[in-house]
Each structure stands twice: as structure tokens, then as C-alpha cells.
Amino acid sequence: MTAVLRLKGIGVTYPGPPPVCALQSVDLTVEPAEHLSIVGPSGSGKSTLLNVIGLLDRPTTGSYELDGVDTSQLGEADRAALRGSRIGFVFQAFHLLAHRTALENVALAQLYTGPPAAARREAARVALDQVGLTHRSMALPTQLSGGERQRVAIARALVNEPALLLCDEPTGNLDSGTADAVLALLDAVRDKGFTIITITHDPLVARRGTRTVTIRDGKLQ
Ligand SMILES: Nc1ncnc2c1ncn2[C@@H]1O[C@H](COP(=O)(O)OP(=O)(O)OP(=O)(O)O)[C@@H](O)[C@H]1O
């Protein structure tokens with residue numbers, strides 16, 4: 001089976017001055033339906049790695065294959081298109097559009113994949129149903145609880161059926177009970193066959209993964 005993601009010899013050096021070597025010789029392969037947790041102390045390189053995996057930044061060295069595509073060969077427009085269609089992002093701060101309903105927030109995520117408006121709304125309804133929020137589809141983000149907002153963000157991330165769901169401290173803004181419900185939802189998402197990477201400080205969150213890797217001083221251990 002093709003790996004979802006294959007990083008080989010990835011290095012990132014921020015130019016500075018002085019130059020900072022944030023990642024060094026990172027090799028990482030993630031198989032379909034894995035839930036990989038990436039943990040590490042502050043400053044270890046987690047955000048830098050997230051930005052490379054999320055196609056937000058280019059590495060200084062090494063190669064990165066996502067869903068069978070060698071990303072180093074792509075120009076900016078193709079990288080953005082691959083990011084929009086193959087990666088779903090879930091952030092600590094939700095990042096929902098404040099003046100759009102839950103349904104609209106999810107429907108708008110499909111602009112890159114480009115189906116007609118009616119199909120976008122239908123796919124958004126299905127995604128909201130998957131996260132148990134059909135009854136809140138017309139609510140604005142301010143009318144939703146923190147846990148509900150994160151569930152909308154997860155529906156938005158899933159609506160394009162991404163090859164990879166990339167979560168950055170997905171429960172960082174939630175109390176422990178609400179966090180647990182969001183983590184249970186991620187378990188269910190993985191059970192459906194989605195591939196997940198979660199970057200976290202929190203050992204309880206990391207434990208929900210099927211595999212954990214630690215990053216320290218820019219190196220995977
Ligand atoms: N734009 C930048 N320019 C220079 N150095 C940077 C830049 N961004 C990050 N760094 C440095 O690169 C290293 C890795 O940073 P990174 O943000 O990836 O760590 P992190 O593990 O995500 O930390 P935290 O958990 O505190 O968010 C750190 O030494 C940091 O100071």
C-alpha cells in the first residue's frame with residue numbers, strides 16, 4: 001500500500017541572522033489509517049515540522065511525498081491546490097469564519113475541489129452529520145460551545161475527504177471533558193480509515209494515537 005506521507009532527510013534552517021537549524025535529517029513515513037502523535041518540548045521543531053507537512057513552508061533539504069505526489073517538484077499554485085484538496089487542518093483556535101453558519105464554514109472549504117454550490121452544501125451536511133452537529137448547522141460560531149466549534153472545524157477538515165488530517169493541539173482550548181469528546185471523535189474518524197497526525201504537548205492527547213514519535217532539538221527520536 002502507498003504511504004500517505006514520506007519525508008526523507010528533511011532539514012529546515014531559518015536564515016537568521018544567526019541561522020537556526022530547526023529540523024535535521026527527519027525521516028518519517030505514515031501509512032494509511034495511522035494516527036501518529038508527534039510530541040516534543042517547546043522549541044523542539046514541532047511547528048516547523050507541521051508547516052512542512054502541511055505544505056505551508058518548504059524544507060531547506062530533503063524530499064516530501066504526499067499521497068504519491070513528490071511535492072518538491074511543485075510550484076506554489078500546485079502546492080496550494082494539493083494542500084486544499086488533500087490536507088485537512090484542525091487548529092487549537094478553530095479558525096472558523098465568524099459571520100458564517102456552521103454549514104457555510106464547512107461548505108466553503110470545498111472551493112479548491114470545486115463542486116457546484118448545491119453539491120457543496122450536501123457534502124457539508126454529510127460532514128456535519130458525521131460529527132453529530134446536524135441540529136446546529138445554522139448556528140454561528142459565537143452561538144456554539146468550544147467543543148462544538150472544534151467539531152465544526154473537524155467537519156470542515158474532513159469534507160474534502162483528505163489524505164491527511166493534520167491536527168495542531170486540537171484540544172488546547174477545551175476543558176478536559178470536552179477535550180475527551182473531541183478525541184473520541186478523532187478515534188472514530190480514524191476508524192473510518194482517515195490518516196491523522198496530531199502535534200501536541202499533552203501526553204494524554206498523544207496517547208490517543210496509534211504511534212508516537214518524539215522530536216527533540218530538531219531530530220526525530
Ligand atoms: N521564523 C523563524 N526564524 C528563526 N528561528 C525560528 C523561526 N521559527 C522558529 N524558529 C526556531 O526554530 C526552533 C524550532 O521552533 P518551532 O516553533 O518549530 O518549535 P515548537 O516545538 O513548535 O515550539 P513550541 O512548542 O514552543 O511552539 C526554535 O529554536 C525556534 O526558536
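We count ligands from 1, going down the list as the structure has it; atoms in each ligand are counted the same way.
- Under the 30°/60° scheme for interplanar angles, the aromatic rings of F91 and F89 are found to lie parallel.
- Listed by chain and number, Y14, V20, A22, P41, S42, G43, S44, G45, K46, S47, T48, H201 each place a non-hydrogen atom less than 4.0 angstrom from ligand 1.
- There is no side-chain donor-acceptor pair under 3.5 Å between Q221 and T214.
- Under the side-chain hydrogen bond (donor to acceptor under 3.5 Å, both in side chains) criterion, T134 pairs with D129, sequence neighbours left out.
- Partners of D191 under the side-chain hydrogen bond (donor to acceptor under 3.5 Å, both in side chains) rule, at least two apart in sequence or in another chain, do not exist in this structure.
- With sequence neighbours left out, R86 forms a salt bridge (Lys or Arg N to Asp or Glu O under 4.0 Å) with D67.
- A donor and an acceptor atom, one from each side chain of T60 and Y14, are nowhere located under 3.5 Å apart.
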